[in-house]
Structure formats: C-alpha cells, structure tokens
Amino acid sequence: MWGMSTLVSRATLLAFTATRAPGARRSIATRTTALAATQYLLKYDYVPDILEKRGPYREGHLGLAQQLVNDGKCLAGGPVGPPSMEVPTGALFVFADEASAQQFAKDDPYMEAGLVTSHSIQEWNVVIEK
C-alpha cells in the first residue's frame, strides 16, 4: 500500500515533529536584527507661522544641530514641506543613534519655545544608498 519512499518521508516527518517541545510552535519567519546602516529620523511638525516666530531661537537651534554634526551624531537636517514651499511645515533630521535624536529634541530651543507642535523618532534601516 505504501512504498518505501513514503514510509521514509513519514518517518522523517514524525522524527522532526517529535524533536520539539509539546505545544511549541515552529516559526518559518526569521528574526531580524538592526542592520549596520541603522540611522534614526527625527521629524518635527512646526507651527504655521514658524518664519515669524523662530528668530530669537534660530541661532540656538542651528548651533545645537551643528554641534551634533561636528560630533558625528547628526548626519543631516533641514526644513520640509510641499514642493516649492514658501513656509516649511516641519523639519527632518538624520541621526547616527537614537540617544542623539532624543537629546536633540529635548535640548532644542524650538521645542522649548513651542515652535514644534509634534515630533517623532523612527528607526531607519538604510538598505540602499549612493
């Protein structure tokens, strides 16, 4: 009724399932780990009248960013908005590590002055780049 190859296949399957603990499930998904090129994006949303209100805080904001650039912790940053924007709707910064992104947001004069209405930090695993 069953050929030799069927019996071997059934025996292999039974041996495979017997090696796991009762009730344990095997996952076919692989566990992912942070890539070597992991960076962190800090995104700001600004108040609508940012250009009128940023004056007294701009030097401190840019100075803090430049200090982190000099330390190799901030890789880039600048305003964002729709194409051909006249007034930025926010900003995007790229950091080498999450702690630096958090520290920048905590110490940024724009945050302290209420010029940033919301912010978020996201991990970015760079897969391709120039």
Side-chain angles (χ1 to χ4, degrees):
M1 153 156 66
W2 288 332
M4 184 56 102
S5 64
T6 302
L7 289 174
V8 170
S9 295
R10 286 179 55 95
T12 303
L13 179 61
L14 289 172
F16 173 76
T17 57
T19 59
R20 49 181 205 190
R25 295 179 56 194
R26 292 196 186 261
S27 173
I28 59 170
T30 58
R31 186 166 184 258
T32 60
T33 57
L35 301 175
T38 298
Q39 297 172 356
Y40 294 85
L41 304 176
L42 170 61
K43 182 174 184 322
Y44 279 178
D45 290 318
Y46 286 153
V47 295
D49 52 351
I50 184 70
L51 296 180
E52 291 83 16
K53 292 185 174 181
R54 72 181 180 183
Y57 314 100
R58 187 164 167 76
E59 185 177 332
H61 168 76
L62 294 175
L64 178 60
Q66 189 61 56
Q67 177 185 340
L68 291 169
V69 167
N70 294 345
D71 294 344
K73 296 181 178 200
C74 181
L75 306 177
V80 296
S84 303
M85 71 176 161
E86 291 183 27
V87 178
T89 57
L92 182 67
F93 298 89
V94 181
F95 289 90
D97 59 83
E98 184 179 9
S100 296
Q102 290 172 343
Q103 192 66 45
F104 180 83
K106 179 180 169 284
D107 296 342
D108 187 2
Y110 279 18
M111 290 283 281
E112 295 171 9
L115 302 179
V116 177
T117 59
S118 68
H119 75 284
S120 64
I121 297 173
Q122 294 184 319
E123 183 177 291
W124 178 32
N125 287 319
V126 181
V127 177
I128 59 171
E129 64 183 341
K130 185 174 183 180

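What you see is a predicted model; the values in this text were computed from it and never measured.
What you find for Met111 and Ala105 is that their closest heavy atoms are CG-O, 3.2 Å. Between Ala96 and Gly72, the closest heavy-atom pair is CB-O, 3.8 Å. In this structure, Ser100 and Lys73 approach most closely via the heavy-atom pair OG-CD, 3.2 Å.
Connection of Val69 to Trp124 is not established within any shared hydrophobic cluster, with ILVMFWY side chains joined at heavy-atom distances below 4.5 Å, either directly or through further cluster members. Grouping the Ile, Leu, Val, Met, Phe, Trp and Tyr side chains by contacts below 4.5 angstrom, directly or via other members, places Leu41 with Leu75.
Distance CD/Glu98 to CG/Leu42: 11.0 Å, rounded to 0.5 Å. Between the CD1 atom of Ile121 and the NE2 atom of His119 there is a distance of 5.5 Å, given to the nearest 0.5 Å. Separation of atoms CG (Asp97) and CZ (Phe95) is listed at 9.0 Å; rounding is to 0.5 Å. With values rounded to the nearest 0.5 angstrom, Tyr40 atom OH is found 4.0 Å from Glu123 atom CD. Here the CG atom belonging to Leu115 is positioned 8.5 Å from the OH atom belonging to Tyr46, to the nearest 0.5 angstrom.
Annotation: side chain of Val94 is not in contact with side chain of Cys74 (no heavy-atom distance under 4.5 Å). Using a 4.5 Å heavy-atom threshold, the side chains of Ile50 and Pro88 count as touching.
The side chain to side chain contact (heavy atoms under 4.5 Å, CB included) with Tyr110 is formed by just one residue from the set Val47, Leu62, Val116; it is Val116.
More than 12 heavy atoms of other residues, nucleotides or ligands sit less than 6.0 Å from atom CD of Glu112. Environment of CD in Glu86: sparse, with no more than 12 heavy atoms of neighbouring residues, nucleotides or ligands closer than 6.0 Å. Heavy-atom neighbours of Glu59 CD from other residues, nucleotides or ligands within 6.0 Å: at or below the threshold of 12.
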### Stepwise salt bridge (Lys or Arg N to Asp or Glu O under 4.0 Å) test for Lys43 and Asp45
CA-CA 7 Å; Lys43 182 174 184 322; Asp45 290 318; 2.9 Å; yes
### Stepwise side-chain hydrogen bond (donor to acceptor under 3.5 Å, both in side chains) test for Thr38 and Asn125
CA-CA 4 Å; Thr38 298; Asn125 287 319; 2.6 Å; yes
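Taking the six-membered ring for Trp and thresholds of 30 and 60 degrees, Tyr44 and Phe104 have nearly parallel ring planes, at less than 30 degrees apart.
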